[in-house]
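Here is the structure we will look at, set down as structure tokens.
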Amino acid sequence: MKNGKKSRAKGSVAKTEDALLSRITIDPEICHGKPAIRHLRYPVESMIEYLAAGDSFEDLLEEFPDLERDDLRACLDFAAQSLKLKSQHLVLA
């Protein structure tokens, strides 16, 4: 029984991630083909930069009223998934 619960939990996490990632779109006509939120002109990269600079979800939702909390969660999930796919090498000074 324990294993059944565990696999169902993993399945629901995967569905949640898929639902979030479906909010991220890539269209050559929008934001020069960079990943953006729901075909809007909000690049994922910009939202991640705002969050990294210390803006909260609430700050961004107030600043950009057509965005939803799940859009910002999708940006974070997209960034995490992107890092899993690519090997990143930073040069430390």
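Given the structure is predicted, the values throughout are model-derived calculations rather than measurements.
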Can the ring centroids of F64 and Y50 be said to lie less than 6.0 angstrom from one another? yes
To the nearest 0.5 Å, tell me how far S82 OG sits from E45 CD. 11.0 Å
Could you report the tightest heavy-atom contact between A79 and I48, atom names first, then the distance? CB-CD1, 4.1 Å
Spatial distance of atom CZ (F57) from atom CG (L76) [nearest 0.5 Å]: 4.5 Å
Which distance, rounded to the nearest 0.5 Å, do you find between the CG of D77 and the CG of D70? 10.5 Å
Spatial distance of atom CG (D66) from atom CZ (R41) [nearest 0.5 Å]: 12.5 Å
Would I26 and V44 show up in the same hydrophobic cluster when neighbours are defined by side-chain heavy atoms closer than 4.5 Å? no
Nearest 0.5 Å please: distance from the CG atom of L20 over to the CG atom of D71. 9.0 Å
Is the count of non-hydrogen atoms from other residues, nucleotides or ligands lying under 6.0 Å from E58 atom CD greater than 12? yes
Which pair of non-hydrogen atoms, one from I24 and one from P35, has the smallest distance, and what is that distance? CG2-CB, 3.8 Å
Is the CD atom of E68 crowded by more than 12 outside heavy atoms at less than 6.0 Å? yes
Do the non-hydrogen side-chain atoms of L67 and M47 ever get within less than 4.5 Å of each other? yes
Spacing of L61 atom CG and D55 atom CG [to the nearest 0.5 Å]: 11.0 Å
